[in-house]
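Notes follow once the structure below has been shown.
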Amino acid sequence: MQESIPNRKIIHVDMDAFYASVEQMDNPLLRGKPIAVGGSENRGVVAAASYEARKFGVRSAISGVMAKKNCPELIFVKPRFDRYKEISSKIQKIFYEYTDLVEPLSLDEAYLDVSTNKKGNPSATLLAKEIRQRIFDEVGLTASAGISVNKFVAKIASDYNKPNGQKTVNPDEVISFLEELPVRKFHGVGKVTTEKMYQLGIFTGLELKSKSLEFLEKHFGKSGAFYFHVVRGIHNSAVKSDRITKSVAAEHTFDVNLSSEIFMIEKLEIIATALEKRLKRYAVAGKTVTLKIKYSDFSQQTRSKTLPYFISDKALILEIVKELLYQERMKDSVRLLGISLSNLNTEEKKFVVVQLKFDF
């Protein structure tokens with residue numbers, strides 16, 4: 001094992017089809033059936049799909065129209081985010097009984113650093129199994145987990161035995177695991193990057209590892225250094241228990257496309273109200289206002305303005321949004337509008353990472 005790979009014990013817990021599973025748990029009539037949370041057969045985008053729907057190619061981020069085409073028997077369910085947050089809070093409460101080093105990535109996944117833990121259990125593998133069992137017993141949902149020496153490998157591992165499974169990549173297995181891994185499964189390597197790697201003759205981790213740092217930086221820019229290090233098992237990012245919020249947003253997909261700026265202003269007022277509530281909840285303000293526009297052909301455009309001062313008030317946000325809206329003419333009718341506030345007044349916190357040496 002290379003000395004550069006820190007011996008930490010990281011668990012990545014990923015709920016199985018979380019939104020869809022909550023809906024099936026709460027409504028027995030939906031169990032065993034293909035369902036999509038969000039969207040509809042005429043409008044919107046799928047937020048989550050049950051495993052029964054995934055067999056037909058229904059997945060998150062595809063249009064409701066495409067989802068229904070892939071699976072004619074698909075049942076669309078309106079999302080209930082308050083319910084998902086309620087369930088997520090119960091799950092996170094379980095996490096904190098094992099360690100204070102919990103980094104939620106979203107409502108349905110989180111990293112846990114159990115290098116030292118409240119249970120005094122030296123086995124991260126057994127802890128992950130126990131956590132998953134408790135989630136099932138106390139919440140009623142299944143979760144999958146990946147266990148390894150860093151966040152990068154743990155996240156990849158959590159996808160291996162889904163649903164309701166787990167995979168451990170021990171310290172002495174990290175290098176061989178990454179060398180055999182197809183590059184398309186590397187976290188952070190998207191579809192476009194995968195195609196580019198294929199064109200360069202890079203199909204596996206071993207082939208990625210054979211490329212020099214200079215080669216990777218030449219072809220992938222700043223990401224080149226990331227690929228160079230992670231394929232060698234080097235990813236020293238700590239589990240951050242109080243993850244810094246970088247932006248706060250609110251958006252809405254409309255049942256009928258909007259073609260008039262007047263109607264758009266009405267909708268933007270509603271969206272700005274929702275955004276203001278979220279800003280108050282997080283107790284933050286920001287300098288950069290961004291207007292997101294998605295047209296009827298699904299093309300997307302963003303317009304931004306950065307102020308010299310922080311704002312969080314709905315009226316001020318809406319004033320900037322109106323300015324951005326009239327910045328140029330719409331190229332088509334609009335199906336979605338969104339507002340986000342970034343460049344927030346949150347201070348980045350520093351973490352001291354202590355590398356411990358022990359059996360995994």
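Atom set for the values below is all heavy atoms of this structure, side chains included, hydrogens, waters and symmetry mates excluded.
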* Asked: For the residue pair Ile202 and Val183, what are the closest heavy atoms and their distance?
  -> O-CG2, 3.7 Å

* Structure fact -> Shortest non-hydrogen pair, Leu178 vs Val230, comes out as CD1-O, 3.1 Å

Please tell me whether [X] and [Y] have a donor and an acceptor in their side chains that are separated by less than 3.5 angstrom.
X: Ser340; Y: Ser247; answer: no
X: Thr302; Y: Thr290; answer: no
X: Thr288; Y: Ser304; answer: no
X: Ser158; Y: Asp14; answer: no
X: Ser144; Y: Asp16; answer: yes
X: Asp113; Y: Ser115; answer: yes

* Pairs in or reaching into residues 195-219: which pass ring pair (Phe, Tyr, Trp, His ring centres under 6.0 Å), with residues at least two apart or in two chains? -> Tyr198-Phe203, Phe215-His219

With a 6.0 Å cut-off (strictly less than), is the heavy-atom count around [atom1] of [X], excluding the residue itself, greater than 12?
X: Tyr96; atom1: OH; answer: yes
X: Phe56; atom1: CZ; answer: no
X: Lys287; atom1: NZ; answer: yes
X: Lys119; atom1: NZ; answer: yes
X: Lys93; atom1: NZ; answer: no
X: Lys69; atom1: NZ; answer: no
X: Arg134; atom1: CZ; answer: yes

* Can you list the other members of the hydrophobic cluster that holds Val256, where links are side-chain heavy atoms under 4.5 angstrom apart? -> none

Got a sec, which residues hit ring-ring contact (aromatic ring centres under 6.0 Å, His included) with [X], two or more places apart in sequence or on another chain?
X: Phe228; value: none
X: Phe226; value: Phe152
X: Tyr98; value: none
X: Phe177; value: Tyr160

* Results of side chain to side chain donor-acceptor pair (under 3.5 Å) for Ser342 - residues two or more places apart only -> none

* Member of Glu109, His187, Gln166 meeting the side chain to side chain donor-acceptor pair (under 3.5 Å) criterion with His12 -> Glu109

* From CA spacing to verdict: salt bridge (Lys or Arg N to Asp or Glu O under 4.0 Å), Glu323, Lys305 -> CA-CA 9 Å; Glu323 181 183 328; Lys305 181 175 182 178; 2.9 Å; yes

For residues 22-39, run the donor-acceptor check on the side chains, cut-off 3.5 Å, and write out each pair with its distance to 0.1 Å, sequence neighbours left out.
from: Glu23; atom 1: OE1; to: Arg80; atom 2: NE; distance (Å): 3.3
from: Glu23; atom 1: OE1; to: Arg80; atom 2: NH2; distance (Å): 3.2
from: Glu23; atom 1: OE2; to: Arg80; atom 2: NE; distance (Å): 3.1
from: Glu23; atom 1: OE2; to: Tyr84; atom 2: OH; distance (Å): 2.6
from: Gln24; atom 1: NE2; to: Leu30; atom 2: O; distance (Å): 3.2
from: Gln24; atom 1: NE2; to: Lys33; atom 2: O; distance (Å): 3.2
from: Gln24; atom 1: NE2; to: Glu52; atom 2: OE1; distance (Å): 3.4
from: Asp26; atom 1: OD1; to: Arg83; atom 2: NH2; distance (Å): 3.0
from: Asp26; atom 1: OD2; to: Arg80; atom 2: NH2; distance (Å): 2.8
from: Asp26; atom 1: OD2; to: Arg83; atom 2: NE; distance (Å): 2.8
from: Asn27; atom 1: OD1; to: Leu29; atom 2: N; distance (Å): 3.0
from: Arg31; atom 1: NE; to: Gln24; atom 2: O; distance (Å): 2.8
from: Arg31; atom 1: NH2; to: Met25; atom 2: O; distance (Å): 2.7
from: Lys33; atom 1: NZ; to: Leu29; atom 2: O; distance (Å): 3.2

* To do: Report the residues that fulfil salt bridge (charged side-chain N to carboxylate O under 4.0 Å, His left out) with Glu269, sequence neighbours left out, ordered by chain and then residue number.
  => none

* Identify, with sequence neighbours excluded, every residue that meets side chain to side chain contact (heavy atoms under 4.5 Å, CB included) alongside Ser299. => Tyr295, Asp297, Lys331

* Contacts of Glu266 that satisfy side chain to side chain contact (heavy atoms under 4.5 Å, CB included) - sequence neighbours left out -> Phe263

Just verifying a value: how many Å separate [X] [atom1] and [Y] [atom2], rounded to the nearest 0.5 Å?
X: Leu291; Y: Ile320; atom1: CG; atom2: CD1; value: 11.5 Å
X: Met197; Y: Leu200; atom1: CE; atom2: CG; value: 8.5 Å
X: Leu325; Y: Ile339; atom1: CG; atom2: CD1; value: 10.0 Å

Does [Y] offer a backbone N or O that forms a donor-acceptor pair with the side chain of [X] under 3.5 Å?
X: Arg8; Y: Asn150; result: no
X: Asn117; Y: Gly120; result: yes
X: Lys9; Y: Leu112; result: no
X: Glu97; Y: Ile94; result: no
X: Ser21; Y: Ala17; result: yes
X: Arg132; Y: Thr142; result: no

* Asked: Taking the six-membered ring for Trp, are Tyr227 and Phe186 ring centroids under 6.0 Å apart?
  -> no

* Salt bridge flag under 4.0 Å for residues Lys151 and Glu103 -> yes

* State plainly whether the residues Glu179 and Lys209 are in salt-bridge range, i.e. N to O under 4.0 Å. => yes

* To do: For the residue pair Leu141 and Ile87, establish whether any side-chain heavy-atom pair is separated by less than 4.5 Å.
  => yes

When the side chains of residues 308-318 are checked against the rest of the protein, which donor-acceptor pairs come out under 3.5 Å, sequence neighbours left out?
from: Asp313; atom 1: OD2; to: Ala315; atom 2: N; distance (Å): 3.0
from: Asp313; atom 1: OD2; to: Leu316; atom 2: N; distance (Å): 3.4
from: Lys314; atom 1: NZ; to: Thr273; atom 2: OG1; distance (Å): 3.1

* Sole candidate of Arg278, Lys267, Lys292, Arg335 that passes salt bridge (Lys or Arg N to Asp or Glu O under 4.0 Å) when paired with Glu251 -> Lys292

